[in-house]
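Numbers here are sequence positions counted from 1.
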Amino acid sequence: MTAPAPASLPFLPFARPDIGDAEIAAVTEALRSGWVTTGPVAQKFEAAFTDYLGGGLHSLAVNSATAGLHLALEALGIGPGDEVIAPTLTFTATVEVARYLGADAVLVDVDPVTLNMDPARVRAAITPRTKAIVPVHYGGLACDMDAILAIAREHGLKVVEDAAHALPTTWRGTLVGQLPSDVTVFSFYANKTITTGEGGMAVTRDDALAQRMRVMRLHGMNRDAFDRFTSKTPAWYYEVVAPGFKYNMTDVAAALGVEQLARLPQFVQRREVLARRYHAALAPLPLVLPATAPAGDQHAWHLYVVRLAPGARIGRDDLIQGLADRGIGTSVHYVPLHRHPYWRDRYGLTPEQFPHADAAYQAMVSLPLFTAMSDADQDRVIAALHALLGG
């Protein structure tokens, strides 16, 4: 059924960052500047990110999207006894940050087509303890934000968007990051649509939330190191006003981010091309292909997740192994949280509570999709899938 990849063909990874000479030069310049922690380049990245989203926002660079989510919930006053609603089909970071604050995660099922949080399940999960909703734009496709924001307004809840997959994604023509939620958090991890290696950005239009997150980002100090160390007059004094965290982004990482952000339009175009090629070539196979964005909207295509259709001649695990035997890397996004021991045991969760997410998980495979991927690379994946699944 399977055959090893020819020796002449290198292993094709599931994802690979697209780093060019401009990024290398920018990082080198940051290193030579002598200012390698948070400084002028991080500020430049924040300003560029705000400009990209369209202005009127505060953008706070952080060392991970997890840090950004934690800062957001803390700034919103989430604490012990509170509940935060999120989808089960996500990475654990989405809800572990609620536990950092002593709050509880309430997991809900997803829509069987989009694999995004089901607003009806959100509404059913609300209790007097609910304080926030954390929608995840799965794979780069926007959630039904009209419905989620309407539910939040009706019940007086906060909304923090987990936009780790969603740069750039639009909903009803508006970029994620500009929607009327409280905070939106993006990820720049190595496999995301742009990367800083590790890093993220928390975005809000609320001045008070931005100020709280800015203070808590760096040990709860009322002045950051850049202001103190670049002052022309003695400025050593600062005050700790809260027990903060160490979540700042370095200038070295931000230098990478500035150049990656400048290339984002080209990155998006390439991801769209790759997604369209997959759609056309895989249509004859027994696969459920990922949902596309509504007309006029943008899908970021961070992930291309297929699901085996009923009646496929091999199972999901055999498909993954067959691709691996041909030198092709894949992944699974995600093992739902209700199947992980911590979340399962803490809240007594079972697969039957999440039928759509659980069924999707058992059938899904994330195929290689990254901007440095050539047409020939993708043709290898397509040919392998036809060999494994074709009649």
Distance in Å, Leu303 CG paired with Leu141 CG, rounded so as to fall on 0.5 Å steps: 11.0 Å
Ring centre gap for His333 and Phe14 strictly below 6.0 Å: yes
Nearest-0.5 Å distance that lies between atom CZ in Phe370 and atom CD in Gln378: 10.0 Å
Derivation of the side chain to side chain donor-acceptor pair (under 3.5 Å) call for Tyr247 and His70: CA-CA 10 Å; Tyr247 283 166; His70 186 198; 2.7 Å; yes
is_close_aromatic(Phe188, Phe45), centroid dist under 6.0 Å: yes
Ser181 versus Glu161, side-chain donor and acceptor atoms under 3.5 Å: yes
Heavy atoms from other residues, nucleotides or ligands near CG of Asp21 exceed 12 (cutoff 6.0 Å): no
Shortest non-hydrogen separation from Ile314 to Leu308 and the atoms involved: O-CD1, 3.5 Å
Val134/Val95 under side-chain contact (heavy atoms from CB on, under 4.5 Å): CA gap, chis, key distance, verdict: CA-CA 8 Å; Val134 184; Val95 287; 6.0 Å; no
Working for ring pair (Phe, Tyr, Trp, His ring centres under 6.0 Å), residues His279 and Tyr304: CA-CA 10 Å; His279 259 66; Tyr304 193 91; 5.6 Å; yes
Residues that His219 engages under ring pair (Phe, Tyr, Trp, His ring centres under 6.0 Å), provided they are two or more places apart: none
Smallest separation among heavy atoms of Leu60 and Glu46, with atom names: CA-OE2, 3.4 Å
Connected via hydrophobic side-chain network under 4.5 Å: Val159 and Val106: yes
CG on Leu89 to CE on Met364, rounded to 0.5 Å: 5.0 Å
Trace of the salt bridge (Lys or Arg N to Asp or Glu O under 4.0 Å) decision for Arg270 with Asp375: CA-CA 10 Å; Arg270 181 59 182 161; Asp375 287 358; 2.9 Å; yes
Modelled atom types, side-chain donor and acceptor of Gln362 and Arg307, under 3.5 Å: no
Any donor-acceptor N or O pair under 3.5 Å, side chains Trp343, Thr92: yes
Sub-6.0 Å ring centroid separation between Tyr361 and Phe354: no
Distance flag, aromatic centroids of Tyr189 and His302, threshold under 6.0 Å: no
CG on Leu107 to NE2 on His338, rounded to 0.5 Å: 9.0 Å
